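What follows is a set of notes on a single structure, which appears directly below.
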Amino acid sequence: MSRYNFKDSERAWQAAWQERNCFAADVDPARPKYYVLEMFPYPSGRIHMGHVRNYTLGDVIARYKRARGYNVLHPMGWDAFGLPAENAAIERGTNPADWTYGNIATMRRQLQSMGLSIDWSREIATCHPGYYRHQQAMFLHFLKDGLAYRRESWVNWDPVDNTVLANEQVIDGRGWRSGALIERRKLSQWFLRITADAESLLDALAGLDRWPERVRLMQQNWIGRSEGARIRFAVDGRDDALEVFTTRHDTLFGASFCAISPNHPLAGALAEGDPALAGFIAECSRLGTSEEAIETAEKRGFDTGLGARHPFVEGRLLPIYVANFVLMDYGTGAIFGCPAHDQRDLDFARKYGLPVTPVILPEGTSAEAFLQGPGVGSEAYVGPGTLINSAFLDGMSVGAAKAEMAKRLAALGAGEAAVTYRLRDWGISRQRYWGCPIPVIHCPSCGIVPVPEADLPVTLPDDVSFEEPGNPLDRHPTWKHVSCPRCGGDGRRETDTMDTFVDSSWYYARYCSPRADAPVVRAEADYWLPVDQYIGGIEHAILHLLYSRFFARAMVRAGYLGIEEPFSGLFTQGMVCHETYRDERGKWLFPSEVDMSGAEARHLETGRPVTIGRSESMSKSKRNVVDPETIIETYGADTARLFMMSDSPPERDLEWTEAGVEGAWRYLNRLWRLIGENELPLTAPGGANGSGQADGAALDVLREIHRAIDRVSDDLEKFGFNRAVARMRELTNTLADFTATDAVSAEVRREGFETLVKLVGPFMPHIAEALWQRLGHDGLLADEAWPEADPAYLAQDTVTLGVQVNGKLRGTIALAAGSAEAESRAAALALPGVVAALAGREPRKVIVVPDRIVNVVV
RNA sequence: GCCCGCUUGGCGGAAUUGGCAGACGCAACGGACUUAAAAUCCGUUUCCUCCGGGAGUGGGGGUUCGAGUCCCCCAGCGGGCACCA
């Protein structure tokens, strides 16, 4: 009895695939295409189990679709710009490029050891000038079209990473990478006009029917559409108007104040002549945006002394406050407050002694009761109702009042219905070295001048130092000093680089023509795109996926692409988890340091007891990581892949266990013994019996074989990989049983073995090739077609029906499929268990569901 | 606070979408082989039981001949958003 030699086998078959160029993809309009893409990795150093899961999932699909006859594109590349390279440079004195390319080499080797069916000739790295020059070209195109622009703005400044972050990258007031508390700063920044596509990005979500509902919801919330109205208030004694956005224009007659953001231009203007106000504003901007800061912060206002004229009430002036809770970057940065029907406005009004006028009467309440009751004491009424105290709106419902108010405002020229989005423009400036340079030049006389197309790419200088904090590009002695392309005078290069999310917003398109002299070749992109199946972690549900959807739209507008939605199918995988271990002093331990063989976990070296903690997502900080390379060296890639796909549904978290890996390894060896070492006549490979000719045991086996084909195929189509593995094991059990008894012919056995090998192929490609060869084939399994289930074997001629009495199972009956109701009924009533349960009573009713169940009701 | 999801044996999970709950695997236990171990093979394994049965899919209620699946209420766990006007 031998063990399967995975080491030699995996090396040999990987070489065979490479030698025959099996997975190279070319445009072929005659064949249906299938583009499978897993989110490309950041080259951090070594692959981790999350990568193994992600790329195994994609590879199973890629191999399955190839076998199904699709022209499959399955590429790989590197999301290679980013801060860790700079941190490594700071810590180890290396160059970010060297560090990155070194990591890529390691991780490429590791990924190749997994046996992925990837077209490596299309490999790209976003840090390569051959990639980012095209990104620069597109940026210039967007700049010309007004899609990219520069403006002074309040930004999220990460004081640890010394850079600006996008709103999406600030989580609970902290930098998504550094975890540092974010400060507000005003800087000139480059933006991409994603808000121009807010409506399209929102509306198109409905059409993404192969996306998880959860992700669509998250994007919907993020875009945050609000329907309401803009209202312009004349400011008493000034020429300018104050524009506010509200969703409750129906409550305008209940308004008792206006409030503007501390960052509002009007506030700034007033502060110039008012030191007290300037002090208040400064205080507000010191307050963080963290959840904690917000919850504990008092609602505070500063009375500017100005008044806003109510558009419909002659002589009513609403005092204008500067208030710390009004955000400049939502709506217009100004609001009107209606205390009776908004909790926050009510709190504010109580604090500053402003009038509270109810204008909505709840259903079924009398005006007297409501006005005297607790309705507007300390709790604002935000529900539906009927308008009161509101002149021409009186008696209307909230909805009707909104419509009427919008009409009246428009007639006055004082406002109109409006829609506001929570989504803000995408700030892409980063004050970092290791990113794509923004290809513009600042000229004192010409202003912002694009780098001429012929001068692209603007490459990063190699000779940079990281000894001081801040942006090395800015400190470089010569790099930024260039002459203005327009006037020839002294200019200065833009030293900001692009957010790395720009790099990953179009890489899926670049894979279609990775070496082309233009960002994309339309004919190739039109053939391959959209990505049919995109696979990655849920953590990208908003950022990367929203940016990519926007970028595709921008590229369509600029003529680079023909489709607005880059990913027609999306699958979000769960994380890989592992138990956590700590020693007596509470120090985290690696699983490889823990001896689990005894009754209690002990430290391998010291023999001291180890505390086992709950299973969590693998992370370096808790040390609950298992190195994929170790697993592949110990058990082989096929075992790692099989374990990844077994048991846990792919969308859920997967618990990595040594025992589970052992189980997968046992299965490989079982297959090897069953098929690889079974002597079969090597003649007539693939010689299946004609359907309907077999009988007895052979027929049973053939049915099992074809049922397995049918179900595994169905499971694969539905991402039911754990179910598919279960079916494969069932078929293995069946074939093993019958092989042991010699009850079926060599032909049927061969059909069973060949089918099983084809079914396991996408999961365990190396051993499948080895077994395919053992079955006497010269060609590669990778080039074989997926098996087809013969409908003749799927039909069942005998079925087993459950028989219930009052919904309780009392026995089963075996009948010919499609038996008449009367026959099923008679057979059921004759069952001893049924007779006993009836105890002489007459059934009141007998329900027969053909070929399923009989329920006798008494 | 608002929105969403999940809850099935000791464990991961399955259940043709309202029709025989626990497939497949892990772990455990028993047996065979072995001088012994590993490996392998064969069994048992939801719980209770007076061995007739009875109970059972987080808890409570409902619809139905029939509910893990549908509806209502509650609990626990997880996720997203949140000073959004």
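The figures that follow rest on heavy atoms only: side chains count, while hydrogens, waters and symmetry mates do not. Since the structure is predicted, the reported quantities are computational estimates derived from the model, not experimental observations. Each chain gets a letter, A, B and so on, in the order the sequences are listed, and its residues count up from 1.
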query: A/E579 CD to B/A27 C1': how many Å, rounded?
result: 13 Å
field: Separation of the P atoms in B/A14 and B/C3, to the nearest angstrom
entry: 29 Å
field: Nucleotide nearest A/A659 when distance is taken to its side chain, options B/C83, B/C26, B/A85
entry: B/C26
message: Once you apply a heavy-atom cut-off of 4.0 Å, does A/T657 come out as touching a base, just sugar-phosphate, or nothing?
response: nothing
statement: A/Y421 atom OH is separated from B/A82 atom C1', nearest whole Å, by 20 Å
task: Could you give me the CA-CA distance, side-chain angles and deciding distance for A/S226 and A/Y330, then say whether side-chain hydrogen bond (donor to acceptor under 3.5 Å, both in side chains) is met?
output: CA-CA 11 Å; A/S226 283; A/Y330 184 78; 3.2 Å; yes
message: With a 4.0 Å cutoff (strictly under), does any side-chain N or O of A/R344 reach OP1 or OP2 of B/C84?
response: yes
query: Is there a side-chain hydrogen bond (donor to acceptor under 3.5 Å, both in side chains) between A/Y667 and A/T732 once you walk through the steps?
result: CA-CA 9 Å; A/Y667 177 66; A/T732 309; 2.7 Å; yes
- prompt: Would you find more than 12 non-hydrogen atoms of other residues, nucleotides or ligands less than 6.0 Å from A/R825 atom CZ?
  reply: no
- request: Dump the intermediate steps for side-chain contact (heavy atoms from CB on, under 4.5 Å) on A/T246 and A/I335, then the final yes or no.
  value: CA-CA 7 Å; A/T246 179; A/I335 61 163; over 6 Å; no
field: B/G66: syn or anti, per glycosidic angle within 90° of 0
entry: anti
- prompt: Is there a donor in the side chain of A/R225 and an acceptor in the side chain of A/Q220, or the other way round, less than 3.5 Å apart?
  reply: no
Nearest-angstrom distance from the residue atom CD of A/Q343 to P of B/C2: 13 Å
- prompt: Does atom CZ of A/R422 have more than 12 heavy-atom neighbours, drawn from other residues, nucleotides or ligands, at distances under 6.0 Å?
  reply: yes
query: When we call it a touch if two heavy atoms are under 4.0 Å apart, what does A/R810 touch: a base, just sugar-phosphate, or nothing?
result: sugar-phosphate
- request: Just name whichever nucleotide pairs with B/G52, Watson-Crick or G-U, keeping both distances under 3.5 Å, else none.
  value: none
statement: As its Watson-Crick or G-U partner within any shown strand, both distances under 3.5 Å, B/U7 has B/A75
task: Nearest whole angstrom, please: distance from the P of B/A14 to the NZ of A/K718.
output: 13 Å
- prompt: Which glycosidic conformation, syn or anti, is assigned to B/U17 if syn requires a torsion within 90° of zero?
  reply: syn
Strictly under 3.5 Å: I want the nitrogen or oxygen pairs between protein and nucleotides 56-67 of chain B, one per line.
unit_1, atom_1, unit_2, atom_2, d
B/C65, O2', A/N855, ND2, 3.1
B/C65, O2, A/N855, ND2, 2.8

message: What's the gap between B/A55 and B/A39 when it is taken at their P atoms, as a whole Å value?
response: 43 Å
message: Need the pair for B/C65. Rule: Watson-Crick or G-U wobble, both distances under 3.5 Å, any strand; none if unpaired.
response: B/G19
query: Under the rule syn = chi within 90° of 0, otherwise anti, which is B/G62?
result: anti
field: Touch class at under 4.0 angstrom, heavy-atom based, for A/N733 against every strand present
entry: sugar-phosphate
- request: For the pair A/E704 and A/Y793, evaluate side-chain hydrogen bond (donor to acceptor under 3.5 Å, both in side chains) and give the outcome as yes or no after the intermediate values.
  value: CA-CA 8 Å; A/E704 289 292 324; A/Y793 290 125; over 6 Å; no
task: For A/R729, report the nucleic acid contact type (base, sugar-phosphate, nothing); a contact means any heavy atom under 4.0 Å.
output: sugar-phosphate
field: Rounded P spacing from B/U17 to B/G80 in Å
entry: 34 Å
task: Would you classify A/G663 as touching base, sugar-phosphate or nothing, given that sugar-phosphate means primed atoms plus P, OP1 and OP2, and contacts are heavy atoms under 4.0 Å?
output: sugar-phosphate
task: Quote, to the nearest angstrom, the P distance that separates B/C42 from B/C26.
output: 13 Å
- prompt: Between B/A82 and A/R422, is there an OP1 or OP2 to side-chain N/O distance shorter than 4.0 Å?
  reply: yes
- prompt: Can you tell me the Watson-Crick or wobble partner of B/G30, both distances under 3.5 angstrom?
  reply: B/C42
task: Step by step, work out the side-chain contact (heavy atoms from CB on, under 4.5 Å) result for A/E213 and A/M218.
output: CA-CA 9 Å; A/E213 184 60 35; A/M218 282 162 71; over 6 Å; no
message: In whole Å, I'd like the distance from the CG atom of A/L809 to the P atom of B/G68.
response: 13 Å
message: Without decimals, in angstroms, what is the distance between A/Y330 OH and B/C84 P?
response: 9 Å
- request: Could you tell me the separation between the CG atom of A/D715 and the P atom of B/A23, rounded to a whole number of Å?
  value: 17 Å
query: Rounded to the nearest 0.5 Å, how far does CG of A/L731 lie from NE2 of A/H706?
result: 10.0 Å
message: With a 3.5 Å distance limit and no angle check, can you tell me whether A/T639 reaches the backbone of A/Y635 through a side-chain donor-acceptor pair?
response: yes
message: What's the gap between B/G30 and B/A38 when it is taken at their P atoms, as a whole Å value?
response: 13 Å
What does the list of N/O pairs under 3.5 Å between the protein and nucleotides 42-47 of chain B look like, with a distance for each?
none

field: Separation of the C1' atoms in B/G5 and B/G9, to the nearest angstrom
entry: 24 Å
Is there any protein nitrogen or oxygen under 3.5 Å from a nitrogen or oxygen in nucleotides 4-13 of chain B, and what are the pairs?
unit_1, atom_1, unit_2, atom_2, d
B/G12, O2', A/S648, OG, 3.0
B/G12, N2, A/D647, OD1, 2.9
B/G13, O3', A/N722, ND2, 3.4

message: Tell me whether A/H578 contacts the main-chain N or O of A/P591 through its side chain, where contact means a donor paired with an acceptor under 3.5 Å.
response: no
- prompt: Between A/V725 and A/I853, which has a closest nucleotide on RNA chain B that is more 5'?
  reply: A/I853
- prompt: When all nucleic acid strands are considered with a 4.0 Å heavy-atom cut-off, which category describes A/R666: base, sugar-phosphate, or nothing?
  reply: sugar-phosphate
message: I want to check one thing: is the phosphate of B/A85, taken as OP1 and OP2, less than 4.0 Å away from some side-chain N or O of A/T420?
response: no
task: Could you go through the salt bridge (charged side-chain N to carboxylate O under 4.0 Å, His left out) check for A/R248 and A/D342 one step at a time?
output: CA-CA 9 Å; A/R248 294 303 305 270; A/D342 181 285; over 6 Å; no
task: Would you confirm whether A/E579, through its side chain, and A/I612, through its main-chain N or O, come within 3.5 Å as a donor-acceptor pair?
output: no
statement: In whole angstroms, the gap separating P of B/A23 from CZ of A/R727 amounts to 12 Å
- request: May I have the step-by-step check of side-chain hydrogen bond (donor to acceptor under 3.5 Å, both in side chains) for A/T580 and A/N624, ending in yes or no?
  value: CA-CA 5 Å; A/T580 48; A/N624 59 339; 5.9 Å; no
Given RNA chain B, 5'-ward residue of the pair A/T246 and A/R723, judged by closest heavy atom: A/R723
- prompt: Which nucleotide, in any strand shown, forms a Watson-Crick or G-U wobble pair with B/C2, with both distances under 3.5 Å?
  reply: B/G80
field: Euclidean distance for P, B/U16 against B/U7 (whole angstrom)
entry: 14 Å
query: Would you say B/C20 has OP1 or OP2 under 4.0 Å from some side-chain N or O of A/K808?
result: no
- prompt: For A/R844, does the CZ atom have more than 12 heavy-atom neighbours from other residues, nucleotides or ligands under 6.0 Å away?
  reply: no
